[in-house]
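Below is one structure, written out as structure tokens; the observations come after it.
These figures come from a predicted structure and were not determined experimentally.
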Amino acid sequence: MAVADIIEHKLTQALAPQRLKIVDDSEKHKGHAGYREGGETHFNVEIVSAAFAGQSRVARQRRVYEILAAELADRVHALQLKTLTPEEDGR
């Protein structure tokens, strides 16, 4: 299973997001730390979930890191996160 698919599955199961966008940005980091051939090392994740209500930005990001701990310990080098509640989402 692709790393992006694993990320999508885990975040969907844990946070029931209203919107989830995952972009593999690995090619932008070619030649930098953590890059591996084949990509799947650097991701940009945007997630909108009611589960973030009442949490600070730091607490939200820590929650995502906890959910994806196994991936961060193995294949994923970096996550760029945007974590919003449905009320904060301007869509």
Out of curiosity, does Leu84 fall in the hydrophobic cluster containing Ile7 (side-chain heavy atoms, cut-off under 4.5 Å, transitive links)?
-> no
Does one hydrophobic cluster hold both Val3 and Val64, with members joined at side-chain heavy-atom distances below 4.5 Å?
-> yes
What residues, two or more places apart in sequence or in another chain, satisfy side chain to side chain contact (heavy atoms under 4.5 Å, CB included) together with Lys10?
-> Ile6, Ile67, Leu68, Ala70, Glu71
Roughly how far apart are Phe52 CZ and Thr85 OG1, rounded to 0.5 Å?
-> 9.5 Å
For the atom pair OG1 (Thr41) and NE2 (His77), what is the distance rounded to the nearest 0.5 Å?
-> 7.5 Å
Show your working on side chain to side chain contact (heavy atoms under 4.5 Å, CB included) between Asp89 and Gln18 and close with a plain yes or no.
-> CA-CA 10 Å; Asp89 187 27; Gln18 283 77 13; over 6 Å; no
Counterpart residues, side chain to side chain contact (heavy atoms under 4.5 Å, CB included), relative to Ala4 (two or more places apart) | Ile22, Phe43
Sequence-distant partners of Ala16, side chain to side chain contact (heavy atoms under 4.5 Å, CB included), two or more places apart = none
Quick one: which residue pairs count as a side-chain hydrogen bond (donor to acceptor under 3.5 Å, both in side chains) with a foot in residues 47-69, not counting sequence neighbours?
-> Arg60-Glu88
Can you check side chain to side chain contact (heavy atoms under 4.5 Å, CB included) on Leu20 and Val45, steps first, answer last?
-> CA-CA 7 Å; Leu20 177 59; Val45 177; 4.0 Å; yes
Enter the distance from Glu46:CD to Lys82:NZ here, rounded to the nearest 0.5 Å.
-> 4.5 Å
Using the test side chain to side chain contact (heavy atoms under 4.5 Å, CB included), find all partners of Ala69 that sit at least two apart in sequence or belong to another chain.
-> none
If Ile, Leu, Val, Met, Phe, Trp and Tyr residues are connected whenever their side-chain heavy atoms lie under 4.5 Å apart, and connections chain through other members, are Leu81 and Val48 in the same group?
-> no
